[in-house]
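Here the structure is a predicted model, which means the values were calculated and not measured.
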Amino acid sequence: MTRHQKRLSVPNSWPVERKTDTFTVKAGAGPHGEAGVPLVVLLRDVLGYVDSTKEARYALNNDSILVNGDAVSDEQRPIGMFDILAFPERGEYFRVFPDEGGRLALTSVDEEAAGSRLGKITNKTVVPGGVVQLTLHDGTNVRVDDDADYDTNDSIVVDNETKEIVAHFEYEEGALVTAVAGQHAGHIGEIDDIDVTLGSGDNTVTVASDDGGYETVEEYVVVIDENFTDDDADAAGDSDE
């Protein structure tokens, strides 16, 4: 199996230049599926902290880079929406957040905000033993004792150290959301209306915002909190195609 990926065929969410070289690094197995960006791409192409895969491996072997609170050693580890990328020795912390157009960008956050991450609930099931398991957008599973307060399309905040749920945001009219895909990706607003479509069609959501609002499919929106609307946050790594 090849370890490389043609730049022209990478997902639109990848923050890479597509016409400078033929190949880039292929994402390894892990969270976020095909949308996950290899960690080395962020370190090299976005942040400019390393010049090569070899340098990235050296940094990772020193446990100096954390993803969602855990040290990682695989430079191909997929990184995706709402992951927390931390460089404790540098005192730098970033949240992966969808920019306009759906491209993933790194938003600078403080150390406190980097202590937890947001996850959208995509599935809820009962596992053996009667325990309720929530599946998040990146494939992570979180088990809870009481399922009464959680439902699909809700969002939860998980502490990176304890792995416990520390906040819960319900998917409902009036909730603050951001679009993470489609032509409105990166746009933040409040849910004005949820239109449930009977049959196999997608439910749609009308979102009210300062620029007039928009309508998109339910799958494309994620409930967030006001911390994601901080105008002082800096985005890193805007790339031109």
Side-chain angles (χ1 to χ4, degrees), residues 13 31-36 68 80-84 95-105 107 109 113 115-127 131-160 162-230 233:
S13 61
H32 300 290
E34 295 181 355
N68 300 329
M81 184 174 64
F82 303 128
D83 278 345
I84 297 294
R95 177 190 291 121
V96 181
F97 195 74
D99 201 353
E100 291 189 10
R103 176 171 292 189
L104 296 178
T107 300
V109 297
S116 59
R117 66 185 182 91
L118 187 81
K120 178 181 180 178
I121 301 173
T122 59
N123 190 39
K124 181 178 69 172
T125 187
V126 178
V127 297
V131 178
V132 174
Q133 179 174 279
L134 308 177
T135 301
L136 305 185
H137 68 279
D138 61 356
T140 300
N141 293 319
V142 180
R143 294 190 176 187
V144 294
D145 295 328
D146 185 358
D147 70 326
D149 293 331
Y150 304 103
D151 206 348
T152 55
N153 295 318
D154 288 359
S155 291
I156 58 175
V157 177
V158 179
D159 185 277
N160 287 334
T162 66
K163 310 303 180 185
E164 296 181 351
I165 297 174
V166 295
H168 172 216
F169 307 111
E170 295 184 14
Y171 173 71
E172 59 186 1
E173 292 182 4
L176 186 67
V177 297
T178 183
V180 296
Q183 63 179 338
H184 303 291
H187 292 189
I188 295 174
E190 293 185 357
I191 295 180
D192 187 53
D193 181 64
I194 301 174
D195 185 13
V196 178
T197 303
L198 299 178
S200 59
D202 294 321
N203 295 342
T204 59
V205 181
T206 302
V207 179
S209 62
D210 294 337
D211 58 3
Y214 57 91
E215 182 177 309
T216 188
V217 296
E218 185 174 73
E219 180 184 356
Y220 288 173
V221 297
V222 177
V223 183
I224 59 176
D225 70 356
E226 63 276 3
N227 292 330
F228 285 77
T229 64
D230 186 359

Taking all non-hydrogen atoms of both residues into account, name the closest pair between N203 and T197 and its distance. OD1-N, 2.8 Å
Under 3.5 Å: donor-acceptor pair, side chain of T122, backbone of T135: yes
S209 and G189 have their tightest heavy-atom pair at CB-CA, 4.2 Å
Is it the case that atom OH in Y220 sees more than 12 heavy atoms from other parts of the structure closer than 6.0 Å? no
Charged N-O contact under 4.0 Å between R117 and D138: yes
Check whether any side-chain N or O of D99 sits under 3.5 Å from a backbone N or O of L104 as a donor-acceptor pair, and report yes or no. no
Compare all side-chain heavy atoms of I165 with those of L134 and state whether any distance is below 4.5 angstrom. yes
Nearest 0.5 Å please: distance from the CG atom of N160 over to the CG atom of N68. 5.0 Å
K120 side chain to E219 backbone, donor-acceptor under 3.5 Å: yes
Could you check if a side-chain atom of Y171 sits within less than 4.5 angstrom of a side-chain atom of T152, using non-hydrogen atoms only? no
How about L118 and D225: do any of their side-chain heavy atoms sit closer than 4.5 Å? no
Can you name the closest pair of heavy atoms from V222 and S155 and give their distance? CG1-OG, 3.6 Å
D195 vs E215 side-chain heavy atoms within contact, under 4.5 Å: no
Flag side-chain contact, heavy atom, 4.5 Å: Y150 against H168: yes
Side-chain donor or acceptor of D192 paired with backbone N/O of V207 under 3.5 Å: no
For the residue pair F82 and H137, categorise the inter-ring angle as parallel (less than 30°), tilted (30 to 60°) or perpendicular (more than 60°). perpendicular
With rounding to the nearest 0.5 Å, note down the distance linking CD1 in I194 to CD in E173. 6.0 Å
Return the CE to CZ distance between M81 and R95, rounded to the nearest 0.5 Å. 12.5 Å
Please find the pair of heavy atoms, one from I84 and one from S116, that lie closest to each other, and give the distance. CG1-O, 3.5 Å
Sub-4.5 Å side-chain heavy-atom contact between K124 and D151: yes
Verify side-chain contact (heavy atoms from CB on, under 4.5 Å) between I156 and L136, making sure each step is shown before the conclusion. CA-CA 9 Å; I156 58 175; L136 305 185; 3.7 Å; yes
How are the rings of H187 and Y214 set relative to one another: parallel (under 30°), tilted (30 to 60°) or perpendicular (over 60°)? perpendicular
For A113 and V109 the tightest heavy-atom approach is CB-CB, 3.9 Å
Got V223 and E170 here, is their nearest side-chain heavy-atom distance under 4.5 Å? no
